[in-house]
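Proteins get letters first, then strands, A, B, ... in listed order; numbering begins at 1 in each.
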Protein chains: 2
Amino acid sequence: MDAEQLTKQKLKESGLRVTPQRVLILQTIISPGQHLTAEEIHRQLPSFITLATVYNNLRSFVNLGIINELSFGNGSSKYEVAGEKHYHVICESCHKIVDFNYPRLIEVESAASRLTDYVVDHHTLEFYGLCNECRNKS
Amino acid sequence: MDAEQLTKQKLKESGLRVTPQRVLILQTIISPGQHLTAEEIHRQLPSFITLATVYNNLRSFVNLGIINELSFGNGSSKYEVAGEKHYHVICESCHKIVDFNYPRLIEVESAASRLTDYVVDHHTLEFYGLCNECRNKS
DNA sequence: TTTTTTGCAAAGATTTTGCATATGT
DNA sequence: ACATATGCAAAATCTTTGCAAAAAA
């Protein structure tokens, strides 16, 4: 089954109608290791797809757990396929994101639950630094 | 030395002019355990201080390392005094933040450096769950 | 044919900016 | 006096929304 079929199936499973817009938006995000902003996704799509449609669908996909939203300080988000859990390493200069596999920090999470009045159910861990290219530039 | 004097000293050390606006803004944030949005800070201040002035100064303070900015998905930030490093536990319902002390994850950071092409210099780790009050509500 | 989705343009929310005026040093 | 900060209103960003027209099931 090719990428288009997979995408369509994913939409059906989620109870969403299969529209060309959705198929194309999802296909753009679906390859692993991609982290795109709404703008970047929109730019890669044929021009009949509106930015508003991109935003609307990204929100649906996030709500249904098909994709993850990564929020940043500048007020914009990046999106990735939901799949294997992993952490992120982010370049402070060009904002490129790379996935990084490491055992989940479940004990730190338990400690957080124990030491605060919260029932903790997940956490986010992001590493910041400089990527190879940006290091060579400066 | 009282809070006002401490605040003024901090401003001078940072090379900033001591204006009443700055003293009041900084005093609002300075007590430990506080995590306020620009709006919340502004609301607590006398009305002669503009929201624009609050934003401008928050940015200066962040750049000078006097305070930390915590960014969120909804596009708004919260601010806290810079001081002892700690992690945060965030309520998914009311967004209340509580500080949480735990040894820094330096080895995970080294692993991130080692396993990616990045030179990592810091990380952020946030725990999400429900606070006591919100749990009792639902 | 019924319900959902799209596109458009307009509105929202948060944050930044330009410039004249006021203030700190 | 001089440089910097403030206030104001307007602009900039990113994202959401209302509603009529279009498309999916």
Rounded to whole angstroms, how far apart are [atom1] on [X] and [atom2] on [N]?
X	N	atom1	atom2	value
A/I41	D/dT15	CD1	C1'	14 Å
A/L16	C/dT5	CG	P	6 Å
A/I49	C/dT5	CD1	P	15 Å
A/E13	D/dA25	CD	P	15 Å
B/L11	D/dT4	CG	P	16 Å
A/H42	C/dG7	NE2	P	9 Å
B/R22	C/dG24	CZ	C1'	10 Å
A/F61	C/dT5	CZ	C1'	12 Å

Which listed nucleotide ([options]) is nearest to the side chain of [X]?
X	options	result
B/T53	C/dG7, C/dT5, D/dT6	D/dT6
A/Q21	C/dG24, C/dT6, D/dA25	C/dT6
A/F48	D/dT6, C/dT15, C/dG7	C/dG7

So does [Y] get a backbone contact from the side chain of [X], meaning a donor-acceptor N/O pair under 3.5 Å?
X	Y	value
A/H122	A/V120	no
B/H88	B/H86	no
B/Q5	B/D2	no
A/R135	B/D117	yes

Problem - Side-chain donor/acceptor contact of B/R17 with base of D/dA3 under 3.5 Å - result: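 Checked by distance alone, the answer is yes.
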Handout entry: Side-chain N,O (A/T50) to OP1/OP2 (C/dT6) below 4.0 Å
Key =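 Answer no for this pair, as no side-chain N or O of A/T50 is under 4.0 Å from OP1 or OP2.
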Handout entry: N/O (side chain, A/R59) to phosphate O (OP1/OP2, C/dT5) under 4.0 Å
Key =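 Indeed not, no polar side-chain atom of A/R59 lies that close.
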Exercise for the section: Assess the side chains of A/N74 and A/H95: does a donor N or O sit below 3.5 Å from an acceptor N or O? Expected result: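 On atom types as modelled, these side chains do not qualify, holding no pair under 3.5 Å.
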Problem - Test of ring centre spacing under 6.0 Å for A/F127 and A/F100 - result: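 Yes: the rings meet the under 6.0 Å criterion.
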List every contact pair, protein side and nucleotides 9-14 of chain C side both N or O, where the distance is under 3.5 Å.
unit_1 : atom_1 : unit_2 : atom_2 : d
C/dT14 : O3'    : B/G75  : O      : 3.0

Practice task
Please figure out whether A/P20 or B/A38 has its closest DNA chain C nucleotide nearer the 5' end.
Solution key: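 By nearest-heavy-atom nucleotide position, the 5'-most residue is A/P20.
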Exercise for the section: For the pair B/E69 and B/K78, find out whether any cationic side-chain nitrogen is under 4.0 Å from an anionic carboxylate oxygen. Expected result: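 No salt bridge links B/E69 with B/K78.
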Handout entry: Lys/Arg-Asp/Glu bridge criterion (N-O < 4.0 Å) met for A/R43, A/E39
Key =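 Salt bridge: yes.
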Exercise for the section: Would you indicate what B/N56 reaches in the nucleic acid, counting non-hydrogen atoms under 4.0 angstrom: base, sugar-phosphate, or nothing? Expected result: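 It contacts base atoms.
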Handout entry: Distance in Å, B/K10 NZ paired with B/L16 CG, rounded so as to fall on 0.5 Å steps
Key =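 B/K10 NZ to B/L16 CG: 12.5 Å, rounded to 0.5 Å.
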Exercise for the section: Would you give the length of the straight line joining atom CG of A/L26 to atom CD of A/E4, rounded to the nearest 0.5 angstrom? Expected result: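 Here the rounded value is 11.5 Å.
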Practice task
Report the residue (A/Y79 or B/S47) whose heavy-atom-nearest nucleotide on DNA chain D is the more 5′ of the two.
Solution key: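 It is B/S47, whose closest nucleotide lies nearer the 5' terminus.
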Handout entry: Overall bend - the helix from C/dT1-D/dA25 to C/dT25-D/dA1, comparing terminal axes fitted on five pairs, nearest 10 degrees
Key =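 Angle reported: 40°, given to the nearest ten degrees.
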